[in-house]
Structures are given as structure tokens and as C-alpha cells.
Amino acid sequence: MSAPATTSGAGLGFELFARDGAARRGRLTTAHGTVETPAFMPVGTVATVKGMMPEQVAATGAEILLGNTYHLMLRPGAERIAALGGLHRFMNWPKPILTDSGGFQVMSLASLRRLDEDGVTFKSHLDGSAHRLTPERAVEIQDLLDSNVTMVLDECTPFPATEEQAASSMRLSMRWAERCKAAFRLRPGYGLFGIVQGGVYPALRHESAAALRGIGFDGYAIGGLAVGEPPETMLAVLQETAPALPAERPRYLMGVGRPQDLVESVRRGVDLFDCVLPTRSGRTGRGYTADGEVNMKNARHRDDPRPLDAACGCPLCSGYSRAYLHHLFRAGEMLGPILLTLHNLTFYQTLMRGLRGAIETGSLEDFAAAFHEAYGRGDL
Ligand SMILES: O=c1[nH]cnc2c(CCNCC3CCCCC3)c3[nH]c(NCc4cccs4)nc3cc12
Ligand SMILES: [Zn+2]
């Protein structure tokens, strides 16, 4: 273990304890507690990790949740949550929270959205009411939520995009990043992350990374990936982008990913992840195991007395059979999604804990090889 390299920026502390190749083992310190990295952040969409009480989410090993600005600004409203004591109090999650800017979901959920130099105008998918999101408002909303990690407002460049389209989109996001930095209220234990764009073009990725470093952020996210590009393209862009970011600050790969993506991205130097997969799959009957993914609605489980994963130890695996879980999903019972979400989140946290340990002992290559060998063997 090398000596911890600690840089307590104006906002967030981040210590690096060990490296294994490009991978890093670290600790993020916020006003609401610490986060061991590499870490997976469960998505708490409308101030809830769907079907989970916060105590249950904490029991899976999660130390930080992702809050959803788009939904919360529409309902119940950021000012209302602030008046009620902030998002931690509102959802009874006392640990760290990272919130997104809302921009990504405006582009994917809202209707009649219009993007211009100053921001984005859109109509709520709930009631059609008109709303406007600017870099300044996006930062203000996350401040009202009392978010520990605020994300800048950016434009996620679609895939595919020409180099010109990617350049124009990235440069808009860099102008917005500058405005977010100017609007951000500096507080110990709170930080602002920039987001690298640039499509699949190395020169643009480097231009974006350099622009963000010049502005200066508490952490750096890699955006514009996991938007339909082939997995090998994502890894290639990651390989190009991660080393261009400050080594002493956290790196967050947005929207990623499948278990195999987490392993390969940690190997390339990523510290933080968010993805809807473990929770969304839990609700649709898709389970994650060391041997791959399992569709619990498949009839072959209906007489299977075994737990989903005898080594897991989560409430599902320590109390219920595959046959029972299959029955719950076939019957459309609430308990099915609840139990499988708990298991999937536990699986993701167990994987991250294994990655952290492997980096500490310099055995990440072996860990990754063993993971892929077993995971690929699974039955879909
Ligand atoms: O450049 C980006 N800028 C900003 N956000 C991005 C996100 C959203 C990350 N999760 C937010 C959460 C906020 C709370 C609700 C859940 C999302 C991405 N998600 C993905 N892929 C996964 C994808 C998910 C859906 C379509 S692609 N690529 C992303 C790229 C960007
Ligand atoms: Zn389990």
C-alpha cells in the first residue's frame, strides 16, 4: 500500500491508497461521510431506490446514492425539498448523495425540448408544464437538494455523431461547465464535478479534458458513453480519456454499467459508477450471479429449490429458493422485484468490494480473469 496521497480540495477530500496498473483504490470524503472507491452508486430516481428502504440499500454495502434532479425539480420541486431539510432528510438517507444535473433526462424523457446557448427549455412529461434549465439553475437545484456531489449541466453528445457535431456539442458543454463553476457555492464536504465529452474522437476528448482541468473541478466525469456505442469503443475512449484527467481527483463513468463493464472500466482507472441495470433488472426478473445473468421468469426455475447464489448472503439468497422467486414473478407479486433488487444491488456491491481488495493486493489482473471466466459461463 503506497502512502495515501491526500488532496482535500475546497470541497471534497479524495485519498488514493493503492494502485494496480491504471486502477486506483481510494476514499472520497464528503460532509455526509466517506465512500470507498472504486464504488457503485445505486440510482435513487424519485428520492427512492425503487422498492428499497434506505436501511436495506445501506445493508447491501452502498455508501453513496444517486439523486435525480430532473424528476425532483418537477415533483415535489427543489424549493419544497429544501424547505423540508434537503434530500438526505427527505428520503432518510444520511450518507453521501450525488445528483445529476437533470440535463440527460430532459433530453431522454421530456417533450418539446429546445436547446440553445443559454440552456434547455422543455415541457414536463408529467403535466406538460414549461420549464427551463440553465447551468446556473441546475447548480442551484442541486444546492437546494443539499447534494454532496453536484454535476455540471452538459449536453450528452449522441452516438453516432460526426467529428464536427461532437466538437460543437462538447464546446457548448465546456462553456456551460465554466458557468456552473462560477455559480457553485463552495462548502467543505461538497463538490462540483465536470463532465468530459468529445464523442469517440481522441483529439476532442483531450480538448475537453484540458478545458475542464483549466476550470478546475473536485472530480471529473466521463460522459457521452454507454449511449449505444459498441462496448469495445467505450473501452477505447475510456483508455484515451482517463489518463488525461488529474490522477489525484475522482473519475466517474456515467451510466455504466454491466458487471463486465465495471471490471474493465476499473482496470482503466475509473473510480465511480452509476447504472440503472441492477435495480431495473431486479424489477423485470433479471438476476446477476457470478456465473452470469439469470431470467427468473424462465420456467426452468419452477422446481429449483436452490438459492440464487449460495455464497451471496443477501435476504433473497439466505431465505428463498429460485422456485419461490420464479413463482413471485409469474404471479406478479411485489415481493419478487423487492427481493431480486436487493440481491442485484448486493451483487454489484460485492463485485466492487472484490475489485477494491484486488487493487489493494495487486491482484486485479487475476481477479478480472477469474471474473470473466466464470461470468461468461452463465446461462442467460
Ligand atoms: O454524458 C452524459 N452526461 C450526463 N449524464 C449522462 C448519463 C446519465 C447518468 N445517470 C444519471 C441517472 C440519473 C437518475 C436516473 C437514472 C440516470 C448517461 N447514462 C449513460 N448510459 C446509461 C443510459 C441510461 C439510459 C439511456 S443510456 N450514458 C450517459 C452519459 C451522460
Ligand atoms: Zn443474493
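Numbering of ligands and ligand atoms starts at 1, following listing order. No hydrogens, no waters, no symmetry mates; every other heavy atom, side chains included, goes into these values.
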Need the ligand 1 atom indices (1-based, order shown) with element for anything under 4.0 Å from a heavy-atom of [X].
X	value
Gln105	15 (C)
Asp100	13 (C)
Val43	14 (C), 15 (C), 16 (C)
Gly223	1 (O), 2 (C)
Val276	16 (C)

Please confirm whether Gln197 comes under 4.0 Å of ligand 1, counting heavy atoms of the residue only.
yes
His71 to ligand 1, any heavy atom closer than 4.0 Å:
no
Can you report which non-hydrogen protein atom sits closest to [atom], along with the distance?
atom	result
atom 1 (O) of ligand 1	Gly224 N, 2.7 Å
atom 22 (C) of ligand 1	Gly255 O, 3.4 Å
atom 12 (C) of ligand 1	Leu66 CD2, 3.6 Å
atom 31 (C) of ligand 1	Phe104 CD1, 3.7 Å
atom 28 (N) of ligand 1	Leu225 O, 2.7 Å
atom 27 (S) of ligand 1	Ala226 O, 3.5 Å
atom 3 (N) of ligand 1	Asp154 OD2, 2.7 Å

Which residue, Leu328, Leu335, Leu308, forms the side chain to side chain contact (heavy atoms under 4.5 Å, CB included) with Leu340?
Leu308
Would Leu339 and Leu325 satisfy side-chain contact (heavy atoms from CB on, under 4.5 Å), going step by step from the backbone distance to the final call?
CA-CA 8 Å; Leu339 288 172; Leu325 190 62; 4.3 Å; yes
Backbone, side chain, both or neither: what part of Val256 comes under 4.0 angstrom of ligand 1, heavy atoms only?
neither
Quick check for you: with the Zn ion (ligand 2) as the vertex, what angle do SG of Cys317 and SG of Cys314 span, to 10°?
110°
Are the side chain of [X] and the backbone N or O of [Y] linked by a donor-acceptor pair below 3.5 Å?
X	Y	answer
Thr279	Val276	yes
Thr30	His32	yes
Asn92	Met53	no
Thr69	Asp100	yes

So Val270 and Tyr252, do their side chains get closer than 4.5 Å, heavy atoms only?
no
Does Thr45, backbone or side chain, put an N or O under 3.5 Å from an N or O of ligand 1?
no
Just by distance, with hydrogens left out, do Thr60 and Gln349 show a side-chain donor and acceptor under 3.5 Å apart?
no
Closest to atom 11 (C) of ligand 1 (heavy atoms only, candidates Val227, Asp274, Asn68, Thr157) is Asp274
Shortest non-hydrogen contact from Gln165 to Thr162?
OE1-N, 2.7 Å
Would you call Glu178 and Lys181 a salt bridge, taking side-chain N to carboxylate O under 4.0 Å as the test?
no
Taking the N/O/S atoms of His343 one by one, which is nearest to the Zn ion (ligand 2)?
ND1
Residue set satisfying ring pair (Phe, Tyr, Trp, His ring centres under 6.0 Å) with Phe367, at least two apart, ordered chain then number -> none
For Tyr220, check side-chain hydrogen bond (donor to acceptor under 3.5 Å, both in side chains) against everything at least two apart and list the hits.
none
